[in-house]
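Contents: one structure, followed by commentary.
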Amino acid sequence: MDTLLSSSPSVVVQSFLSPVRTIASPSKLHSTVATFSSTPPVNAGFRRNHLPLLRPFTSSTTPNFSIRCGAGVKEITESEFPSTVLESSRPVLVEFVATWCGPCRLISPAMESIAQEYGDRLEVVKIDHDANPQLIEEYKVYGLPTLILFKDGQEVAESRREGAITKAKLKEYVDSLLETISVA
């Protein structure tokens, strides 16, 4: 139970928040001290199934995010990059992502859909930004997610795209890239 005490007898505030700190007022006229404790008072009048609203994140409550690949998208590493991307006979759309990147998680379902829809004409792979620093430096990936199309071992000119994108815009982007490389 958290209790705020004041020199005024009418000021007593109780709260069920987690402990924060003890505060003492430097003023000699008003001696104010706040103390915090994380144990709720006995018979606090809790309603059934009522939980405190605010809880601090601890290592056991911090959410863990991951970028999962479905059947259409393959996650590769630096060691697999040459054989999977540079030596591929088909065009390869590379998505640079990170587990902590919100926009990366946002477009993940759209990338899965593109991988399945264009599976006969295009290969889609993901590269983890944090686990592959040499590729990030080599291809100058500054924003996430970054999409780059490779054909015949080379980055296709003007194929680079950074940031989140809707499924419809992603489909337009892939269609225009495939059209560009088929004409060339």
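- Side chain of Arg161 to main chain of Thr146: no donor-acceptor pair is present (N/O by atom type, distance under 3.5 Å, no hydrogens or angles).
- Put simply, CD1 on Ile114 and CG on Leu122 are 8.5 Å apart, with the number rounded to the nearest 0.5 Å.
- Put simply, the side chain of Arg90 does not reach to within 4.5 Å of the side chain of Lys151, judged on heavy atoms.
- Under the 4.5 Å side-chain heavy-atom criterion for grouping Ile, Leu, Val, Met, Phe, Trp and Tyr, Leu86 is connected to Val141 within one hydrophobic cluster.
- Of the inter-residue distances, the one linking Ile127 atom CD1 with Thr77 atom OG1 reads 8.5 Å to the nearest 0.5 angstrom.
- For Ser182 (side chain) and Glu179 (main-chain N/O), a donor-acceptor pair under 3.5 Å exists by modelled atom type.
- When all heavy atoms are compared, the tightest approach of Thr180 to Ser176 is OG1-O, 2.7 Å.
- For the pair Glu162/Pro145, no side-chain contact is recorded, criterion being any heavy-atom separation below 4.5 Å from C-beta on.
- The two atoms that bring Ile107 and Ala164 nearest to each other are CG2-CA, 3.7 Å, heavy atoms only.
- To the nearest 0.5 Å, the span separating CG on Asp152 from CD on Glu87 amounts to 12.0 Å.
- Of the inter-residue distances, the one linking Ile136 atom CD1 with Glu78 atom CD reads 8.5 Å to the nearest 0.5 angstrom.
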Could you walk me through whether Trp100 and Asp130 pass the side-chain contact (heavy atoms from CB on, under 4.5 Å) check?
CA-CA 10 Å; Trp100 47 262; Asp130 298 330; 2.7 Å; yes
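- Counting all heavy atoms, side chain and backbone alike, Asp128 lies closest to Ala98 at OD1-CA, 3.7 Å.
- A donor-acceptor contact closer than 3.5 angstrom is absent between the side chains of Ser113 and Lys171.
- Side-chain contact check for Val125 versus Phe96: every heavy-atom pair is 4.5 Å or farther apart.
- Separation of atoms CD (Glu155) and CG (Leu149) is listed at 9.0 Å; rounding is to 0.5 Å.
- Between Val94 and Leu135, the closest side-chain pair of non-hydrogen atoms is not below 4.5 Å.
- Between Phe150 and Tyr139, the ring planes lie perpendicular to each other; the angle is over 60°, past the 30° to 60° tilted range.
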Check against side-chain contact (heavy atoms from CB on, under 4.5 Å), Val97 and Leu144
CA-CA 6 Å; Val97 298; Leu144 294 177; 5.8 Å; no
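- With contacts defined as side-chain heavy-atom distances shorter than 4.5 Å, the pair Thr84/Glu123 qualifies.
- No side-chain donor-acceptor contact under 3.5 Å links Glu95 to the backbone of Met111.
- Ser159 contributes a side-chain N or O that, together with a main-chain N or O of Val156, makes up a donor-acceptor pair within less than 3.5 Å.
- Put simply, the side chain of Ser83 gets close to the backbone of Glu80: a donor and an acceptor are under 3.5 Å apart.
- Rounding to the nearest 0.5 Å places CZ of Phe81 at 10.0 Å from CG of Asn132.
- Put simply, the side chain of His129 does not reach to within 4.5 Å of the side chain of Cys101, judged on heavy atoms.
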